[in-house]
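Input: a single structure, listed below in structure tokens.
In each ligand, atom 1 is the first atom listed, and ligand 1 is the first ligand listed. These figures come from a predicted structure and were not determined experimentally.
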Amino acid sequence: SKIQRKDYDYLFKLVLVGDSGVGKSCLLLRFADDTFSTSYISTIGVDFRFKTLSVDNTIVKLQIWDTAGQERFRTITSAYYRGADAIMVVFDKTNRESFDHVKEWLDEINRFSEGSVRLLLGNKFDRQDSIQVSEDMGKRFAESHGMKYLETSALSSHQVHDAFLLATKDLI
Ligand code: GTP
Ligand code: MG
């Protein structure tokens, strides 16, 4: 019989969390399909996508879970933190409240996931005229919580690939 070969060296589970509307689904669509839509279709429960990357001669398959930010789905989505290799907490740089809530997301994550790599993403970097959370604020918060920080834009693609790559490199 034929030997089954895996088409990757590593399989990692990544989870996107954060308030509703911060751009989690758009970040995933930008990364996975290189597309962007301005229409807002709020995620129901969870979605996931696979994306395979080549990093330093290593084939990494990412299973990326895109969770719903809406409060009413909190009990469903928390189950998906379990077994996550990396968790990306996303806030919207033009929405101070979404940044203030990052602390609560971390508390929630800590209840269900241990030892996962954590990244903080300040999204909607393109909206420079409406910024409510500076790079310095994001950086300082991330540093004090043992996270790396990146500013992204699903619209312009700014640092989207870098964010997923950074999470992956921390896992290899
Ligand atoms: P839930 O599924 O409800 O948790 O929201 P979400 O975090 O998945 O947000 P989603 O990706 O659906 O984006 C919400 C809205 O923000 C949409 O109208 C997007 O077009 C817009 N958006 C997302 N990312 C960006 C970005 O980087 N820049 C700008 N200008 N708009 C963005
Ligand atoms: Mg969504």
Report the part of [X] in contact with ligand 1, treating N, CA, C, O as backbone and CB onward as side chain, heavy atoms under 4.0 Å; options are side chain, backbone, both, neither.
{"X": "S156", "value": "neither"}
{"X": "D126", "value": "side chain"}
{"X": "K124", "value": "both"}
{"X": "A68", "value": "backbone"}
{"X": "F125", "value": "neither"}
{"X": "N123", "value": "side chain"}

Provide, to 0.1 Å, the distance between [atom] and the closest protein heavy atom, together with that atom's residue and name.
{"atom": "atom 17 (C) of ligand 1", "result": "Y40 CB, 3.8 Å"}
{"atom": "atom 20 (O) of ligand 1", "result": "S37 O, 2.8 Å"}
{"atom": "atom 19 (C) of ligand 1", "result": "C26 SG, 3.6 Å"}
{"atom": "atom 7 (O) of ligand 1", "result": "K24 NZ, 2.7 Å"}
{"atom": "atom 10 (P) of ligand 1", "result": "G23 CA, 3.7 Å"}

What distance do F91 atom CZ and D19 atom CG have between them, rounded to the nearest 0.5 Å?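 Nearest 0.5 Å value for the CZ-CG distance: 11.0 Å.
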Going from CG on N123 to OG on S153, what distance comes out if it is rounded to the nearest 0.5 angstrom?
->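 With rounding to 0.5 Å, CG (N123) is 6.5 Å from OG (S153).
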Please determine if [X] has a nitrogen or oxygen closer than 3.5 Å to a nitrogen or oxygen of ligand 1.
{"X": "D66", "answer": "no"}
{"X": "T38", "answer": "yes"}
{"X": "G69", "answer": "yes"}
{"X": "T152", "answer": "no"}
{"X": "S42", "answer": "yes"}
{"X": "A154", "answer": "yes"}
{"X": "G18", "answer": "no"}

Closest approach of [X] to [Y] (non-hydrogen atoms, all atoms of both residues):
{"X": "T77", "Y": "G45", "result": "CG2-O, 3.6 Å"}
{"X": "S20", "Y": "Y40", "result": "OG-OH, 2.7 Å"}
{"X": "Y149", "Y": "L121", "result": "CE1-C, 4.3 Å"}

Check your understanding: Do the ring centers of F31 and H161 come within less than 6.0 Å of each other?
Key ->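 When the ring centroids of F31 and H161 are compared, they turn out to be within the sub-6.0 Å range.
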Numbered atoms and elements of ligand 1 in range of [X], under 4.0 angstrom, heavy atoms:
{"X": "G21", "value": "1 (P), 3 (O), 5 (O), 6 (P), 7 (O), 9 (O), 14 (C), 16 (O)"}
{"X": "T43", "value": "1 (P), 2 (O), 3 (O)"}
{"X": "R127", "value": "30 (N)"}

Could [X] and [Y] be called an ion pair, given the rule that one side-chain N must be under 4.0 Å from one carboxylate O?
{"X": "R96", "Y": "D100", "result": "yes"}
{"X": "R111", "Y": "E108", "result": "yes"}
{"X": "D9", "Y": "K61", "result": "no"}

Is the closest side-chain donor-acceptor distance between N110 and R118 under 3.5 Å?
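N110 vs R118: donor-acceptor pair found between side chains.
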Discussion item. Do D66 and S25 pair up side chain to side chain, a donor and an acceptor below 3.5 Å, judged on atom types alone?
Written reply: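 The criterion, which ignores hydrogens and geometry beyond distance, is satisfied for S25 and D66.
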At the Mg ion (ligand 2): angle between S25 atom OG and T43 atom OG1, to 10 degrees: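 The two atoms subtend 80° at the Mg ion (ligand 2).
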- request: Fit a plane to each ring of F50 and F48, take the angle between them on a 0 to 90° scale, and name the class: parallel (under 30°), tilted (30 to 60°) or perpendicular (over 60°).
  value: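 Rings of F50 and F48: perpendicular, over 60°.
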TODO: Determine whether V46 and F112 fall in the same hydrophobic cluster, where Ile, Leu, Val, Met, Phe, Trp and Tyr are linked whenever their side-chain heavy atoms lie under 4.5 Å apart.
DONE: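 Looking at the clustering, F112 is in the same group as V46.
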